[in-house]
Amino acid sequence: ILNVEQSPQSLHVQEGDSTNFTCSFPSSNFYALHWYRWETAKSPEALFVMTLNGDEKKKGRISATLNTKEGYSYLYIKGSQPEDSATYLCAFERAGNQFYFGTGTSLTVIP
Amino acid sequence: NAGVTQTPKFRVLKTGQSMTLLCAQDMNHEYMYWYRQDPGMGLRLIHYSVGEGTTAKGEVPDGYNVSRLKKQNFLLGLESAAPSQTSVYFCASQPGGSIYEQYFGPGTRLTVT
C-alpha cells in the first residue's frame with residue numbers, strides 16, 4: 001500500500017488570509033506530483049504537475065513547491081477568496097503511470 | 001469539445017446484477033483511467049490503459065473488468081455487483097507522458113443494494 005498523506009484534513013480561513021497545505025508522498029519511484037482543485041458537485045481540475053525536485057509553479061494567487069528527496073509538496077494560496085473554497089487533492093504518479101491520490105484538504109474561505 | 005463524458009450519471013443495481021460504465025473522450029488522449037471515490041478515502045485507481053487495446057490493474061481491481069477497444073472509449077464492467085462496490089466512479093484521460101495533467105469526467109454514482 002502506497003501512502004499519500006495530506007494535511008490538514010480541513011481548514012477554515014478568513015477572506016484575505018494566506019494559507020498552505022502539505023502533501024507527503026514516497027520518495028522512491030517518483031515520476032510526478034499533481035495538484036487538483038475539486039469543487040463540490042464538479043470534477044477535479046488540474047492545478048499543477050511537477051516533476052523535478054525544487055520545482056515551483058504558480059497560477060495567479062496559487063503556487064506550489066516540490067521536494068522529491070524528502071517526499072513533500074506545499075500548496076500556497078495568497079489572499080484567500082470565497083471562490084477558493086474547494087477540496088485540494090494531491091496525486092503521486094509513480095513510474096508506470098499509476099496514480100495515488102491523497103484524501104484532500106477541504107478549504108472553506110469565510111467572507 | 002465535450003472533453004471526458006461518462007454514461008450513465010446514476011445507477012442503482014441489485015446485488016449480483018452486471019453493468020458497464022462507459023467513458024468517452026474526444027481529446028485523442030492515449031491514457032485513460034478508472035477511479036472510485038469513497039467517503040474518507042482518496043480517489044483509488046481501479047484499472048487504467050496506456051493505449052488502445054491495452055489495460056492494466058490499478059490499486060483496487062478486484063470485481064471489475066475493463067476494455068479499451070477504441071482509443072476514445074474505456075469501459076468499466078461489473079460482472080456481479082456487490083454492495084461494497086457502491087461508490088462514485090470517475091474516469092480520467094491524459095495525453096501520453098507524465099508531464100500532463102489528467103482530465104476528469106463528471107462521475108457516475110452507483111448504488112448496489
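Residue numbers begin at 1 in each chain, while the letters A, B, ... track the order of the sequences.
Ranked by heavy-atom pairs under 4.5 Å with chain B, the list A/Gly102, A/Pro44, A/Ala46, A/Ala91 is led by A/Pro44.
Clustering ILVMFWY residues whenever any of their side-chain heavy atoms sit less than 4.5 angstrom apart, transitively, puts B/Leu21 in a cluster other than the one holding B/Tyr33. Both A/Trp35 and A/Leu66 are members of a single hydrophobic cluster when ILVMFWY side chains are connected at heavy-atom separations under 4.5 Å. Hydrophobic cluster membership differs between B/Leu110 and B/Phe90, with clusters built from Ile, Leu, Val, Met, Phe, Trp and Tyr side chains linked at under 4.5 angstrom. B/Phe74 and B/Val60 end up in the same hydrophobic cluster when Ile, Leu, Val, Met, Phe, Trp and Tyr side chains are linked at under 4.5 Å. Hydrophobic cluster membership is shared by A/Tyr72 and A/Tyr76, with clusters built from Ile, Leu, Val, Met, Phe, Trp and Tyr side chains linked at under 4.5 angstrom.
Of the possible polar contacts, none joining the A/Tyr36 side chain to the B/Glu101 backbone as a donor-acceptor pair under 3.5 Å is found. For the pair A/Ser43 (side chain) and B/Gly105 (backbone), a donor-acceptor distance under 3.5 Å is present.
Counting heavy atoms from C-beta on, the side chains of B/Lys57 and A/Gln98 never come closer than 4.5 Å. Put simply, the side chain of A/Phe99 does not reach to within 4.5 Å of the side chain of B/Tyr48, judged on heavy atoms.
In this structure, CD in A/Glu45 is found 11.0 Å from CZ in B/Phe104, a value given to the nearest 0.5 Å.
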Subject >> A/Glu93 vs B/Gln102, side-chain contact (heavy atoms from CB on, under 4.5 Å): CA-CA, chis, key distance, verdict >> reply: CA-CA 11 Å; A/Glu93 184 180 0; B/Gln102 293 189 333; over 6 Å; no
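When heavy atoms are compared at a cutoff of 4.5 Å, B/Tyr103 does not approach chain A at all. Neither the backbone nor the side chain of A/Phe48 comes within less than 4.5 Å of any heavy atom in chain B.
More than 12 heavy atoms of other residues, nucleotides or ligands lie within 6.0 Å of CD in A/Glu39, so this atom counts as buried by the packing criterion. Within a 6.0 Å sphere centred on CD of A/Gln9, other residues, nucleotides and ligands contribute 12 heavy atoms or fewer. Atom CZ of B/Arg109 sits in a sparse spot, with 12 or fewer heavy atoms from other residues, nucleotides or ligands closer than 6.0 Å.
Nearest heavy atom pair, residue B/Gly40 against residue A/Thr103, reads O-CG2, 3.6 Å. For the pair B/Leu43 and A/Phe101, the tightest heavy-atom approach, listed with the atom from each and the gap, is O-CB, 3.5 Å.
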